[in-house]
Amino acid sequence: MAADTNETLVVPSVHAHTGQGLGTGNPADAFVVEPPRARTKKTPRRTRTNFEMLAWLFMRLSGVLLVVLILGHLLIMLVLDGGVSKINFAFVAGRWASPFWQGWDLLMLWLAMLHGSNGMRTVINDYAEKDSTRLWLKTLMGAATVFTVLLGTLVIFTFDPNI
Amino acid sequence: MPAGTLYRGREGMWSWVAHRVTGVLIFFFLFAHVLDTALVRVSPESYDTVIATYKTPLVNLMEYGLTAAILFHALNGLRVIAVDFWSRGPRLQKQMLWTVVGVWVVLMAGAFYPILEHTLLSWFGK
Ligand code: HEM
């Protein structure tokens, strides 16, 4: 009916999130929930990076490499040749005399820390509901990660068997 | 957390819970492990001292537990990757989970003596 349409508040669709309607003239529009992807004033201009997709991909690529690196590490350190009983400074010195094992451990350190910290980011995002709590937990976790990766890298590169 | 929304799912959900718990556990261990290994840069004595704790029965047992966590996370991680990238993955996810569990049990049984040998010998002798 034409008379009814005249009384309906008609707003442009960009104002859909104001709850005043979608602009189609249908009164039910007033109750339409804002579509999840609608841009609002708070939306940063540049939202179209692929960060989350790349993080998702990284979890899978690093996972495949870590299977070899970590299971190999456990096999050598805990299972073969007397298990943990053989490990001491001399054993480490013997291994790190070889660039191959230095490279193995360096790659394992970086991939495991980045994979683990990105996984922790997901977990924190899931459970910490307050913005400030989330930010603090992620900052703390990120700082601890940077520190640990740098320390481990330094130790591998500056190792001195004759210390 | 929202109350009253506990979803008690099936295999897919519980494997996700286990994957998450083991991932967090491994991450925290990794911090400690990089720190203790960093002692090789301090002195052979300090490194050997901290490694001696790794050889005590309690920590030796925890190494077996950590191996269990890593092995599950690794095998189930490969399952997640197969679900995501393999066209038949989603349909076979349940079978793949039981395969993961089966392989995990076999490898853990095989690793029992080698990993705990140090403790078993110290307790029961040669
Ligand atoms: C051994 C080889 C590994 C494989 C194959 C693997 C595989 C994966 C995969 C595919 C995911 C993504 C799961 C998803 O998006 O739903 C993931 C998540 C995760 N991984 Fe690993 N991972 C491995 C090692 C590690 C290590 C060494 C750590 C710790 C330093 C770790 C910590 C985590 C964490 C915290 C998550 C997030 C869990 C979640 O969001 O529920 N992973 N892993």
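In what follows, chains are A, B, ... by sequence order, proteins preceding strands, each numbered from 1.
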Shared hydrophobic cluster for B/Phe124 and B/Leu61 (ILVMFWY, side-chain gaps under 4.5 Å): yes

ILVMFWY cluster, A/Phe58 and A/Trp110 together (side-chain gap under 4.5 Å): yes

Under 4.5 Å from a heavy atom of chain B, the part of A/Val92 involved: side chain

B/Phe27 and A/His115: CA distance, side-chain angles, deciding distance, side chain to side chain contact (heavy atoms under 4.5 Å, CB included) verdict: CA-CA 9 Å; B/Phe27 184 68; A/His115 176 106; over 6 Å; no

Shared hydrophobic cluster for A/Leu80 and A/Phe100 (ILVMFWY, side-chain gaps under 4.5 Å): yes

Part of B/Tyr47 within contact of chain A (heavy atom distance under 4.5 Å): side chain

Same cluster (ILVMFWY, side-chain, under 4.5 Å), A/Leu75 and A/Leu111: yes

Part of B/Phe112 within contact of chain A (heavy atom distance under 4.5 Å): neither

Sub-4.5 Å side-chain heavy-atom contact between B/Arg20 and A/Thr122: yes

Top of B/Ala38, B/Gly77, B/Ala111 for chain A proximity - count of heavy-atom pairs under 4.5 angstrom: B/Ala38

Contacts of residues 93-105 of chain B with chain A (heavy atom under 4.5 Å): none

B/Val50 portion near chain A, given a 4.5 angstrom heavy-atom threshold: neither

Most contacts with chain B, counted as non-hydrogen pairs under 4.5 angstrom, among A/Ala144, A/Gly119, A/Ala112, A/Gly152: A/Ala144

Contact winner vs chain A - B/Ala74, B/Gly110, B/Pro44, heavy-atom pairs under 4.5 Å: B/Pro44

pair A/Leu71-B/Leu71: side-chain heavy atoms closer than 4.5 Å: yes

Heavy-atom proximity to chain B below 4.5 Å, by part of A/Ile87: both

Beyond-backbone contact of A/Leu78 with B/Tyr54, side-chain heavy atoms, under 4.5 angstrom: no

Residues in salt bridge (Lys or Arg N to Asp or Glu O under 4.0 Å) contact with A/Asp160, at least two apart in sequence or another chain: none

Transitive ILVMFWY side-chain link A/Leu114 to A/Leu107, under 4.5 Å: yes

Under 4.5 Å from a heavy atom of chain A, the part of B/Phe85 involved: side chain

A/Ser85 to B/His118 - nearest heavy-atom pair and separation: CB-ND1, 3.0 Å

Pairs involving residues 43-56 of chain B, ordered by first then second residue, that meet salt bridge (Lys or Arg N to Asp or Glu O under 4.0 Å) (sequence neighbours left out): none

Winner by heavy-atom pair count (cut-off under 4.5 Å) against chain A, out of B/Leu30, B/Val34, B/Val40, B/Asn60: B/Val40

Chain B contact via A/Met113 - side chain, backbone, both or neither, heavy atoms under 4.5 Å: both

Mutual orientation of the aromatic rings belonging to A/His73 and B/His33 [parallel < 30°, tilted 30-60°, perpendicular > 60°]: perpendicular

Nearest-0.5 Å distance that lies between atom CZ in B/Phe31 and atom OG1 in A/Thr145: 4.5 Å

Side chain to side chain contact (heavy atoms under 4.5 Å, CB included) against A/Thr158, all qualifying residues, sequence neighbours excluded: A/Leu154, B/Arg41

Which portion of B/Leu78 sits near chain A, non-hydrogen atoms under 4.5 angstrom: side chain

When B/Asp84, B/Leu39, B/Leu75, B/Leu66 are compared by non-hydrogen pairs under 4.5 Å with chain A, the top option: B/Asp84

Test side chain to side chain contact (heavy atoms under 4.5 Å, CB included) applied to A/Leu74 and B/Glu63, step by step: CA-CA 10 Å; A/Leu74 289 177; B/Glu63 282 149 25; over 6 Å; no

Straight-line distance of A/Asp105 CG to B/Thr37 OG1, nearest 0.5 Å: 8.5 Å

Part of A/Ile124 within contact of chain B (heavy atom distance under 4.5 Å): neither

Within 6.0 Å of CH2 in B/Trp86, more than 12 heavy atoms from elsewhere: yes

